[in-house]
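Read the structure below first, then the notes.
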Amino acid sequence: MSRDSVTPTPIKPSRSKDGKVERVVTERSFSGGRYTGQGYAFSLLLHGGILALAWIGVPFFHREIPPTPPLIVDLVPIEDITSAAPPPTPEPTPEPTPVVPEPPKPAPAADTPPPDTMPPPPPPDPPKPEPAKVVPPKPKPPPPKPVPPKTKQDDIASLQKLLKDMQKNAPKPPQQTADNKAPPTNNIAPTLSDRASMTELDAIRRHIEGCWRIDPGKEGNENLSAEVKVFINPDGSARAEIVDMTRYFVDSAFRTFANSARNAVLACGNIPISPEHYNELKEIIMNFSPQGRIN
Amino acid sequence: MESTVATAAIAAPGVIHLSVTNLILQADPVVKAVMAMLVFASLWSWGIIFDKIFRLRSLANQAEQFEDRFWSGSSLEELFERVGQRPKDPMSSIFVAAMKEWRRSSSKGGLPPATGTVQVAERMDRVMKISLEREMDHLNRRMIFLASTGSVSPFLGLLGTVWGIMNTFTSIGAAADTSLATVAPGIAEALFATALGLIAAIPAVVFYNKISSDLARYALRLENFAGEFGAILSRQLDTK
């Protein structure tokens, strides 16, 4: 009540000429237009420049990929070396995809040939002199297998031919399905490289194998295997070192065996080593095992 | 004994040129939209960056000039006349605001001796503070865009990338083909969105930090000036 009776002193802010209340701090007209416009012009210029560079092509966007030299691979059919199962496709063109059906094959093939290879050698020798002279019909049994003058290798070859034929007939269906599948997937690389890496080494192994004279039937040989470190010179000659020297001095059978292996390496010349892979292949440890095979 | 020589040429990567223009043109609409937004954000933020940098540089020059004149020893009235009603830079505008208030107070004539001086000094401080805040508010405009560009555009780019990679996987599913030739262009184009996001974000963040620290320094300079000027004026009032 008493508050109402007291009339407050009226607030009279100072007024400007147009009658409005005068601002204590005069409003400043911010003239920011100049820099703003300039800023956006610069920004546009910058982006335009970058876009132009991208359009023309900044050097590092077009870095040339060095052309990879075609990899020349000597595809040695594996059955020649390891007498494992031949790949299902004997065609010369290396098909990358058949690898899928391959795995199951090697097992049975690897099991069967060795027993077969051992028996053949004996028969040819005894019958040869007799059937040729005495009885003409007798040669009949041999024909299904090999032709009279056969060495061990020929036997193996003919057996392998048989095996090939068998497999040619048998695995066709799965192979074709694999072929049908093949075109869409372009992933050739893994399977091809798998082969390539092993075949160069295999070529060398096979070459040395050719120089190796071993009597596979010698007693005690079946349990022997000798690791030999082979140093190949660029000219294709080689020298060898037996890895297990302790056994070499102790075990006479092993010594004979290892010596034969070393001699094989020393006697061999012209080992097929490609200059570009020389560094990887100049030192190889080879495992000489009986049955005239090198692993 | 048959040995075959196979020439296995490593399949030459087709004729896919991953040039920038191709990457943009082949992209999915959503990815394109993301890219357009990012380009716009970059354009805008660079505009702001240039604007702020030029402005701050000229403001520093103007402040330098004004302080030279202010401390040169000439009379403040004279300086006030020279700067006039339309101050060009924040520092002179603070000066003008304070001088106007001073004039207004003194023109009213009879200042009450004891209480009056304190009140006038306080009022002038307040006026200078208002003026300073208004100037700084104006200078700080659009800085928020730089800040949000810096923090958001990587995410935006990531969105484009995720979308593009989703599309790539869909196309892998459709073509039933996982070769590099099918996958690579889609992924390259998707990753380009992230690249754009980062290209927009990095300068925005760097310059946001630089400009805001410059602005803070400039604000401090204005405050110091206002404080000193206030001290001068209140001493003047005391001696009066």
Side-chain angles (χ1 to χ4, degrees), chain A residues 14 22-32 34-48 50-51 53-55 57-58 61-62 65 67-77 80 90-94 96 153 157 184-189 192-193 195-196 199 203 206, chain B residues 1-13 17-21 24 39 42-55 58 85-88 90 93-94 96-98 100-101 104 108 123 126-128 130-131 134-135 138-139 141-142 175-182 199:
Chain A
S14 59
E22 195 185 3
R23 299 295 295 252
V24 179
V25 178
T26 39
E27 202 73 57
R28 185 160 88 87
S29 66
F30 293 104
S31 56
R34 185 171 134 228
Y35 290 118
T36 314
Q38 217 172 329
Y40 290 122
F42 268 93
S43 175
L44 265 177
L45 222 71
L46 182 79
H47 286 81
I50 288 171
L51 196 72
L53 270 182
W55 203 278
V58 186
F61 274 124
H62 284 283
I65 299 161
T68 43
L71 192 64
I72 294 170
V73 181
D74 188 13
L75 283 182
V76 183
D80 284 354
E91 289 92 32
T93 47
Q153 280 189 344
T185 54
N186 298 336
N187 298 341
I188 325 167
L192 200 60
S193 63
R195 277 188 150 196
T199 47
R206 192 180 45 163
Chain B
M1 282 294 160
E2 78 264 55
S3 68
T4 54
V5 173
T7 317
I10 304 302
H17 285 301
L18 297 179
S19 75
V20 176
T21 45
I24 295 170
V39 168
S42 171
L43 206 63
W44 187 273
S45 59
W46 272 103
I48 293 169
I49 289 166
F50 280 122
D51 171 31
K52 294 290 173 197
I53 286 177
F54 293 150
R55 192 183 299 243
S58 94
Q85 298 294 311
R86 293 254 167 256
K88 273 191 212 129
S93 117
I94 289 171
V96 166
K100 270 188 183 162
E101 188 57 34
R104 216 174 284 146
K108 290 230 174 91
R123 201 154 58 223
R126 201 174 300 159
V127 163
M128 284 194 285
I130 290 169
S131 179
R134 195 179 288 163
E135 295 288 343
H138 177 73
L139 282 177
R141 270 170 63 193
R142 285 190 305 223
D177 181 8
T178 56
S179 75
L180 215 53
T182 333
I199 287 171

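Throughout, a chain's letter reflects where its sequence line sits, starting with A, and its residues are numbered from 1.
Contact of B:Arg126 with chain A is not made at all, since no heavy-atom distance falls under 4.5 Å. Neither the backbone nor the side chain of B:Ile49 comes within contact range of chain A; no heavy atoms are under 4.5 Å apart. At a 4.5 Å heavy-atom cutoff, the contact between A:Leu44 and chain B is made by backbone and side-chain atoms alike. Contact annotation for B:Ser42: both backbone and side-chain heavy atoms come within less than 4.5 Å of a heavy atom of chain A.
Residues A:Ser43 and B:Trp46 come closest through the heavy atom pair OG-CB, 3.2 Å.
Taking the six-membered ring wherever Trp is involved, the centroid distance between the rings of A:Tyr40 and B:Trp44 falls below 6.0 Å.
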